[in-house]
Q: 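Attaching a single structure in structure tokens format; questions to follow.
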Amino acid sequence: MDALLDVDDLVVRFATPNGDHTAVRGVSFSVAAGERLGIVGESGSGKSVTAQALMRLLGPAATVEAGAVRFEGRDVLGFSKDELRRWRGAQAAMVFQDPLSSLNPLVRIGRQVTETLREHLGTDRRTAVARAVELLSEVGIPDAPARLRDYPMTFSGGMRQRVAIAIAASCSPKLLIADEPTTALDVTVQAQVLDLMDRMTSELGTAVILISHDLGVVSTFCDRVLVMYAGRVVESGTIEEIVGAPRHPYTRALLGSIPSMTGPLPRRLPSIPGSPPQAGTRPPGCSFASRCPLAEDVCHEADPPLTGGVACHVATREIATRDTREIATREENGR
Amino acid sequence: MNIVEVENLRVHFSRRRGVTVRAVDGVSFTIAPGETLGLAGESGSGKSTVARALLRITDPAGGRVRIGGRDIAGLRGASLKAFRRQMQMVYQDPYDSLDPRMKIGATVEEALLVKGVPAAERPGRVRELLERVGLPAAFAVRYPHELSGGQRQRVSIARALGVDPAVIACDEAVSALDVSVRAQILNLLKDIQEDSGLAYLFISHDLSTMRFAADRVAIMYLGRLVEIGTRDQVFGAPRHPYTQALLAAVPVPGASRAARRVRLAGEPPSPAHPPTGCAFHPRCPLAQDVCRTTRPELAVKQGGQLAACHLASEPAREEAAP
Amino acid sequence: MTAPPEPLEPPESRRPADPEAPSVRDGLRRAGRSLLRDLPALISIIVLVLLVLAALLAPLLAPHDPLRTYAEGLTDRGAPVSPGGDFPLGTDPNGRDVLSRLLYGARVSLTIGIVANGLATIVGVVVGVTAGYFGGLADTVISRITDVIMSFPILLFCVALISVTGPSQRNVVLVIALIYWTYLARIIRGMVLSLREREFVTATRTLGVGNVRIMVRHILPHLVPAIIVYATLGVASSILIESSLSFIGVGVPVPEASWGQMIDDGRKYYEVAPWLLFAPGVCLIVTVLAFNLAGDWLRDLLDPTAPERR
């Protein structure tokens with residue numbers, strides 16, 4: 001099956017007063033139509049920058065240094081301003097962490113919902129208003145016709161996020177990028193919003209890229225996960241693989257440091273020493289080596305490539321040994 | 001004897017047009033030395049306001065708060081300053097809780113100054129405090145912006161420890177940190193508690209963190225406690241429907257899509273216009289007529305914890321006997 | 001299970017930690033280094049130093065008596081003499097030497113600019129911080145006072161005050177200060193209102209630190225950038241107000257020279273004797289610019305979070 005979105009070796013560099021730094025270092029992945037991909041990472045992992053690069057939302061300080069982003073085979077990075085305007089919102093939409101910053105505080109909700117419809121679909125005013133009421137009701141805004149005249153300020157955080165999802169879904173986009181859409185919400189509201197995204201995207205067949213720091217949220221929403229660390233993908237796989245049998249030491253440690261909700265608790269939580277590397281300081285070799293309990297000499301020298309879904313010298317070798325052993329056993333049994 | 005005793009605490013805020021918001025509406029609990037009481041709830045539940053009232057950042061409208069056996073209401077001037085040494089707070093935002101224009105050393109030293117440590121001893125004590133929270137003494141000459149979020153929270157803890165308090169309130173102290181760093185700070189807080197017998201009031205909306213950090217847990221909804229009990233009681237067999245919904249909503253790594261079920265519709269109502277009867281009734285899947293009219297009080301329920309719900313079952317007779 | 005020692009986080013700072021606490025000498029060295037990297041600031045500081053020297057040494061530097069009318073300072077037709085020769089910057093319609101008046105005028109203008117503004121800044125900061133920090137009644141009273149002062153037309157207010165107290169350099173300074181403190185107080189009060197709610201201030205208060213120390217150690221340092229910007233802008237406005245007052249005749253009493261007065265004189269003779277306008281005008285612009293650029297530099301120097309310029 002052809003991929004809807006194909007990202008190939010994306011590199012994003014930022015210019016800062018303290019010199020340049022590379023926020024995304026060679027990220028590749030693809031998303032099939034209707035698929036749900038999670039991107040998990042901590043602060044500074046480059047997960048949000050990746051999303052912004054995909055949507056061409058990077059500010060002037062950032063440049064895409066290399067790589068390609070193809071949407072249905074078309075080169076997104078080469079889009080003209082006009083093509084971009086037609087593409088964004090209609091084919092690919094985005095939902096942000098804080099809907100207050102993506103909704104214009106001075107424009108009534110109704111106008112913000114109808115705007116997208118009229119812009120992309122050329123809907124006339126009356127139909128657009130009717131559709132807006134329909135959309136808002138679908139996302140669970142009570143008394144939608146009356147609320148069209150309200151400003152974003154008068155909505156609660158959860159309600160604002162519902163409106164943002166309604167706007168994103170209004171043109172039935174093929175791709176939805178959601179950057180920490182539930183992080184600012186209470187846990188009971190978070191479940192509602194995830195449910196809503198579930199419903200809207202499965203009805204429309206929309207592919208979703210869900211970006212989150214929370215493995216739990218990703219776990220209950222996505223099919224496949226990329227784990228990012230210091231601007232690179234360190235592990236990728238299905239959600240069952242990543243959560244059930246993580247191979248990269250970082251993924252393992254990350255899962256280990258979340259206290260479980262059932263069963264006995266350790267006296268101390270297993271923790272990863274140090275903190276994620278910030279912009280600008282990146283030693284040679286594997287970025288995780290300085291915090292890694294398994295690090296060997298080679299880890300400090302060479303950055304491991306992503307092979308077989310994991311970017312780790314040690315894990316790759318373990319797999320290789322196990323495979324040879326398996327082959328050996330199989331041969332033995334066969335004899 | 002308990003180090004913190006809170007009885008029927010009420011905090012009101014006046015809004016425009018004479019509307020009074022009962023942010024905290026009759027909350028009672030105690031904390032023993034060396035114990036961690038967790039206070040969980042959604043935004044607007046009033047959990048942070050409880051901590052702010054205990055520290056006298058906000059003045060309570062009523063009720064009694066005793067810290068170290070002393071009633072803190074009406075303390076002024078020197079006696080207020082003296083009380084403040086008893087209870088400290090570690091704040092949520094590691095980027096705003098340290099003065100960005102003051103070096104780390106000076107920030108920690110200020111606590112020693114308040115405590116009356118002679119100037120000559122202070123640099124040595126600053127070094128000790130920094131090392132106690134796992135920071136190299138050389139960090140004393142750095143500014144907060146040169147530190148990571150986790151390091152800044154360590155400085156906040158060092159500053160709090162500087163006045164030798166008996167209680168520390170941690171108001172979402174690890175919520176803003178990366179998952180991998182959060183575990184370090186939680187471990188540090190436990191280590192300090194084991195060394196010094198500090199009591200913590202641990203406030204968080206994150207229930208998995210709460211389960212690890214707290215010995216006893218109180219759940220707040222719209223300014224009132226709806227359930228309070230030991231960690232195992234509350235997490236193992238929650239009695240209040242709100243607690244049950246809250247726990248069910250926590251997304252756990254490994255949980256499948258099917259496991260995510262919306263138990264609760266809607267959002268918490270505004271504390272300015274609380275519902276009649278049980279404040280939770282408009283969202284409660286079990287609500288009955290009595291819930292709409294009569295406010296349930298905290299009472300012992302099956303399992304031993306207290307819950308404020310008309311429908312939660314009473315303890316079996318043999319359980320209630322002792 | 002034995003507890004592993006809490007691991008240290010690796011330092012992330014690009015700036016190496018200084019093992020010694022910085023002394024005043026280190027501060028000066030840092031100031032020097034940053035000046036060498038910042039050419040406009042360096043020039044501004046040099047200009048300001050030269051200006052102050054010129055003002056102080058005016059009696060030695062001035063070629064003529066600034067107040068005296070020279071017979072040779074007027075042409076046969078009674079017009080002012082063009083620059084050059086005995087009068088490097090020409091003379092004014094009264095036959096007085098422009099260069100000498102400019103040097104003596106620098107004394108008056110700088111004194112008024114710096115002293116009036118210094119007074120206004122001190123009063124404005126103290127009042128603004130007090131009002132903003134304590135709020136309540138103090139804030140209400142102070143806010144109403146500033147409202148009243150700010151609602152008067154500035155010039156009318158000055159004229160009224162000076163007509164009571166009599167024109168003199170001292171009174172001009174006091175009147176300007178009396179008006180300007182309100183503007184700064186307003187700005188500072190607003191900033192303190194938001195600073196007061198910041199978590200680090202709350203944290204310091206709950207530590208048991210006293211109000212005075214919080215205001216001096218935790219609030220004031222955050223106001224320094226704004227104070228510097230407004231104070232340097234204020235120097236310029238003060239010099240300009242003085243010139244307006246002198247124009248109406250309630251400023252520095254004639255025949256004493258001030259730049260503002262000279263500019264106003266110069267305007268009238270702009271077509272026949274343009275140097276009368278240009279000489280004090282250029283001085284004023286250069287001074288104001290130098291104050292502002294030096295102010296920007298000082299603000300950056302005092303901000304620990306600003307990246308060091310390369």
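In the text below, chain A, chain B and the rest are named by the order of the sequence lines, each starting its count at 1.
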Q: Examine whether an atom of A:Leu255 lies under 4.5 Å from a heavy atom of chain B, and if so say whether it belongs to the side chain, the backbone or both; otherwise answer neither.
A: side chain
Q: Which residues pass the salt bridge (Lys or Arg N to Asp or Glu O under 4.0 Å) test with A:Asp214, not counting sequence neighbours?
A: none
Q: Is a side-chain N or O of B:His281 found less than 3.5 angstrom from the main chain of B:Cys278, in a donor-acceptor match?
A: yes
Q: By a 4.5 Å heavy-atom criterion (distance strictly below it), what part of A:Ile239 contacts chain B: side chain, backbone, both, or neither?
A: neither
Q: Which atoms of B:Leu207 come close to chain A, meaning under 4.5 Å heavy atom to heavy atom: side chain ones, backbone ones, both, or neither?
A: both
Q: Taking the side chain from B:Gln244 and the backbone from B:Pro238, do they hold a donor-acceptor pair closer than 3.5 Å?
A: yes
Q: Checking heavy atoms, do the side chain of A:Pro270, its backbone, both or neither come under 4.5 Å from chain B?
A: backbone
Q: Give a yes or no on whether the backbone of A:Arg232 and the side-chain of A:Arg25 come within a donor-acceptor separation of less than 3.5 Å.
A: no
Q: Output, in order, the C-alpha distance, side-chain angles, deciding distance and verdict of side chain to side chain contact (heavy atoms under 4.5 Å, CB included) for B:Val250 and A:Met261.
A: CA-CA 9 Å; B:Val250 175; A:Met261 288 293 285; 4.0 Å; yes
Q: Under 4.5 Å from any heavy atom of chain B, what part of A:Ser260 do you find: side chain, backbone, both or neither?
A: both
Q: Which bit of B:Phe212 is near chain A, if near means a heavy-atom gap under 4.5 Å: side chain, backbone, both or neither?
A: both
Q: For each of A:Gly216, A:Ala253, A:Cys222, tally heavy-atom pairs with chain B at distances under 4.5 Å, and name the one with the top tally.
A: A:Gly216
Q: Mind ranking B:Arg283, B:Glu194, B:Arg231, B:Met210 by heavy-atom pairs under 4.5 Å with chain A and telling me who comes out on top?
A: B:Glu194
Q: Are A:Arg291 and A:Tyr250 in a cation-pi contact, defined as NZ or CZ under 6.0 Å from the six-membered ring centre and within 45° of the axis?
A: no
